[in-house]
> 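Below is the structure I would like to discuss, written out as structure tokens.
Per chain, numbering begins at 1; letters A, B, ... match sequence-line order.
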Amino acid sequence: MPELPEVETICHDISASILKQKITSVVIRNFKLRYPISKTLPKILTGQKIEKVSRLGKYILLKTKTGALIIHLGMSGNLQIKPRDHDLAKHEHVNIILANNLSLCYHDPRRFGAILWTTKDSLKHKLLQNLGPDPLHITANHLFERAKSRRLPIKQFIMNNQIITGIGNIYASEILFAAKIDPLQKANSISLNQCKKLIKEAKRILKLAIKHRGTTISDHKDGKGKEGSFQNKLKVYGKEKIPCGKCRTKLKLIKIAGRSTFFCPSCQAT
DNA sequence: ATTTTCTCCTGCATGC
DNA sequence: TGCATGCAGGAGAAAA
């Protein structure tokens, strides 16, 4: 699903259309997401103005005067700006209709996403309060310190959003390949230098992916419904049995914690 | 406390 | 064509 670059792209795209806009109505067609959508959400949101749009890891926050709407896109979700009277797409579960006659449309076939309202300081929300730092801001020392007590594979470690937010299955493989780190290497055996390299490559790859408006393998669409292009820049994800771009060794596909993991057994040898 | 497994759901590719 | 199977970009909860 949407990982950091995809969420960032969507967040950026929808901002211009919804910022400072008043919500005139909210339509919910399916309440059953990962957590049930609150029945009172339309009543809460109607009449409120969207004052700020921001991203926290893979979460999108729409702030109003009295609270924040927390949106997560799960595996297959997206948010698009459409005219108020657009043709309804399949799996379009929620519409937030604005005074400018545009509609913020939440679309999510697998319904692993979430839409939650909080009146507290949103950072204190249960789902957000324990999130790790954003990879675009994290330091190598921080990652190194956190890794010391963990012996799970480094790939699993960097996909844990309590450690570092925003890195999902695609970019985890890409980052570890670029940093020449074996995805199976235990987190507590990662050196400070490896952490530095990992973070450097994470920043480079995630920024580049944002520039390319994300990776569209099957689902990702930006805020206008268009596909990203970073799938054309991937070096290892989905490329098992294809020669490594650096050393020509055949890339390998293994499962780590049940997730497909792509790497070069030669470049990323421990 | 950390790590592994299970779970939510639809759609698509594959094989019979 | 139809049906069964397995897999897909996430991540919290339960189990180990």
Side-chain angles (χ1 to χ4, degrees), chain A residues 1-10 29-37 55-60 70-79 89-94 106-116 125-132 135 145-176 183-189 202 205-206 209-210 212-222 227-240 253-262:
Chain A
M1 141 41 301
E3 303 180 35
L4 187 149
E6 292 74 33
V7 177
E8 179 68 28
T9 300
I10 289 169
R29 296 183 196 82
N30 193 338
F31 289 82
K32 283 180 64 185
L33 299 186
R34 168 152 210 185
Y35 309 102
I37 301 177
R55 175 184 67 76
L56 194 64
K58 296 178 194 170
Y59 289 90
I60 294 170
I70 301 169
I71 304 174
H72 195 285
L73 301 173
M75 286 270 233
S76 58
N78 64 51
L79 281 170
K90 202 177 177 187
H91 305 300
E92 199 177 304
H93 307 310
V94 179
Y106 178 86
H107 173 265
D108 184 6
R110 289 172 78 180
R111 289 192 273 119
F112 285 173
I115 299 182
L116 301 163
H125 190 276
K126 201 181 157 205
L127 290 176
L128 308 183
Q129 66 176 348
N130 293 320
L131 290 178
E145 288 303 320
R146 296 293 304 268
K148 276 182 176 169
S149 62
R150 306 295 207 109
R151 57 195 122 171
L152 75 179
I154 185 67
K155 188 214 178 207
Q156 233 180 315
F157 180 73
I158 61 169
M159 284 180 67
N160 180 345
N161 68 20
Q162 317 267 303
I163 303 297
I164 178 170
T165 59
I167 298 175
N169 205 37
I170 294 178
Y171 294 105
S173 282
E174 293 295 319
I175 289 165
L176 292 172
L184 284 168
Q185 188 179 340
K186 306 281 186 221
N188 63 359
S189 78
I205 288 171
L206 295 171
I210 291 169
H212 285 83
R213 308 191 59 70
T215 299
T216 300
I217 286 176
S218 61
D219 286 322
H220 167 64
K221 299 253 169 64
D222 70 17
E227 301 189 341
S229 65
F230 196 72
Q231 63 278 11
N232 302 318
K233 303 282 174 188
L234 298 174
K235 307 276 194 222
V236 291
Y237 186 86
K239 300 196 185 296
E240 73 273 21
L253 163 59
I254 57 170
K255 296 274 180 185
I256 296 179
R259 311 295 300 276
S260 293
T261 305
F262 302 86

> Using the side-chain heavy atoms of Pro109(A), tell me which of these nucleotides is nearest: dG11(B), dT3(B), dG12(C).
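The closest nucleotide is dG11(B).
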> On the nucleotide dG10(C), are OP1 or OP2 found under 4.0 Å from the side-chain N or O atoms that His72(A) carries?
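Negative; the distance criterion is not met.
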> Provide, to the nearest angstrom, the distance between the CZ atom belonging to Arg34(A) and the C1' atom belonging to dT10(B).
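Going from Arg34(A) (CZ) to dT10(B) (C1'), I get 16 Å.
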> Less than 4.0 angstrom between a side-chain N/O of His91(A) and OP1 or OP2 of dC9(B), yes or no?
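It does not, given that no N or O in the side chain of His91(A) lies less than 4.0 Å from OP1 or OP2 of dC9(B).
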> Rounded to whole angstroms, how far apart are CD1 on Ile163(A) and C1' on dG10(C)?
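These atoms are roughly 16 Å apart.
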> Which nucleotide in the set dA8(C), dG10(C), dG11(B) lies at the smallest distance from any side-chain heavy atom of Asn169(A)?
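Of the options given, the side chain of Asn169(A) lies nearest dG10(C).
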> Can you confirm whether Ile254(A) sits close enough to Ile256(A) that some side-chain heavy atom of one is under 4.5 Å from a side-chain heavy atom of the other?
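Ile254(A) vs Ile256(A): side chains touch.
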> Measure from the side-chain heavy atoms of Leu127(A) and tell me the nearest of dG10(C), dA8(C), dG12(C).
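For the Leu127(A) side chain, the nearest candidate turns out to be dG12(C).
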> For dT3(B), does either OP1 or OP2 sit under 4.0 Å from a side-chain N or O belonging to Arg150(A)?
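Yes, because at least one side-chain N or O of Arg150(A) sits under 4.0 Å from OP1 or OP2 of dT3(B).
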> So, do Phe112(A) and dC9(B) meet the stacking rule of ring centres under 5.5 Å and planes under 30°?
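Stacking between Phe112(A) and dC9(B): absent.
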> OP1, OP2 of dC9(B) versus side-chain N and O of Lys32(A): anything below 4.0 Å?
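Checking dC9(B) against Lys32(A), a side-chain N or O does come within under 4.0 Å of OP1 or OP2.
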> About how many Å separate CZ of Phe262(A) and CD1 of Ile170(A), when rounded to the nearest 0.5 Å?
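Ile170(A) atom CD1 to Phe262(A) atom CZ measures 9.0 Å (nearest 0.5 Å).
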> For the CZ atom on Arg29(A), are there more than 12 heavy atoms of other groups (residues, nucleotides or ligands in this structure) within a distance under 6.0 Å?
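Yes, the 6.0 Å shell around CZ holds more than 12 heavy atoms from other groups.
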> Can you tell which of dT3(B), dA11(C), dT2(B) lies closest to the side chain of Ser149(A)?
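Within the option list, the nearest is dT2(B).
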> Reckon Tyr35(A) has a side-chain N or O less than 4.0 Å from the OP1 or OP2 of dA11(C)?
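It does not, given that no N or O in the side chain of Tyr35(A) lies less than 4.0 Å from OP1 or OP2 of dA11(C).
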> Compare the minimum distances between each of dT4(B), dG12(C), dA8(C) and the side chain of Leu152(A), then state the nucleotide with the smallest one.
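Nucleotide nearest to Leu152(A)'s side chain: dT4(B).
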> Rounded to the nearest angstrom, tell me the gap between atom CG in Leu253(A) and atom P in dC7(C).
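Going from CG in Leu253(A) over to P in dC7(C) covers 10 Å.
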> Under 4.0 Å between any heavy atoms, over every strand shown, what does Phe230(A) touch: base, sugar-phosphate, or nothing? Just pick one.
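If one applies the 4.0 Å heavy-atom cut-off, Phe230(A) turns out to touch nothing in the nucleic acid.
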> Is the shortest side-chain N/O distance from Lys126(A) to OP1 or OP2 of dA13(C) below 4.0 Å?
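Affirmative; the distance criterion is met.
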> May I ask you to say what Asn161(A) touches in the nucleic acid, namely base, sugar-phosphate or nothing, with a heavy-atom cut-off under 4.0 Å?
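Sugar-phosphate: the residue Asn161(A), judged by heavy atoms under 4.0 Å, touches backbone atoms but no base.
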> Report the distance from atom CE of Met75(A) to atom C1' of dG6(C), rounded to the nearest whole Å.
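Atom CE in Met75(A) sits about 13 Å away from atom C1' in dG6(C).
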> With Leu73(A) as reference, evaluate Asp108(A), Ile10(A), Asp219(A) under the side chain to side chain contact (heavy atoms under 4.5 Å, CB included) test and give the passing residue.
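When Asp108(A), Ile10(A), Asp219(A) are each tested with Leu73(A), the side chain to side chain contact (heavy atoms under 4.5 Å, CB included) holds only for Ile10(A).
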> Could you tell me the separation between the OH atom of Tyr237(A) and the C1' atom of dA8(C), rounded to a whole number of Å?
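The distance from OH of Tyr237(A) to C1' of dA8(C) comes to 7 Å, rounded to the nearest Å.
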> From the options Ile175(A), Ile167(A), Asn169(A), select the one residue that forms a side chain to side chain contact (heavy atoms under 4.5 Å, CB included) with Lys155(A).
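Only one of Ile175(A), Ile167(A), Asn169(A) forms a side chain to side chain contact (heavy atoms under 4.5 Å, CB included) with Lys155(A), namely Asn169(A).
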> Check whether the side chain of Arg111(A) and the base of dC9(B) form a donor-acceptor pair under 3.5 Å.
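Answer no: no donor N or O sits under 3.5 Å from an acceptor.
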> In terms of relative ring orientation, are Tyr106(A) and His93(A) parallel, tilted or perpendicular, with 30° and 60° separating the classes?
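Judged by the thresholds at 30° and 60°, the geometry between Tyr106(A) and His93(A) is tilted.
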> Give, for atom CD of Glu92(A) and atom CG of Asn78(A), the distance between the pair rounded to the nearest 0.5 Å.
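Here the interatomic distance stands at 9.0 Å.
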> With a cut-off of less than 4.0 Å, is there a side-chain N or O of Lys255(A) near OP1 or OP2 of dC7(C)?
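Indeed not, no polar side-chain atom of Lys255(A) lies that close.
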> Gln156(A) has a side chain; which of dT4(B), dG10(C), dA8(C) sits nearest to it?
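Nucleotide nearest to Gln156(A)'s side chain: dT4(B).
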> Can you measure Leu131(A) atom CG to dG10(C) atom C1' for me and round it to whole angstrom units?
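The answer, rounded to whole Å, is 13 Å.
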> Using only side-chain N and O atoms of Arg259(A), determine if any of them is under 4.0 Å from OP1 or OP2 of dG10(C).
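So the side-chain polar atoms of Arg259(A) do come within 4.0 Å of the phosphate oxygens OP1 or OP2 of dG10(C), strictly under.
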> Could you give the CG-to-P distance, from Asp219(A) to dC7(C), as a whole number of Å?
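Roughly 18 Å, once rounded to whole Å.
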> Paired with dT14(B) by Watson-Crick or G-U wobble geometry, both distances under 3.5 Å: which nucleotide is it?
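Here dT14(B) is engaged in a pair, and the nucleotide opposite it is dA4(C).
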> Measure NZ/Lys155(A) against C1'/dT4(B) and give the value in whole Å, please.
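Computing the Lys155(A):NZ to dT4(B):C1' distance gives 15 Å.
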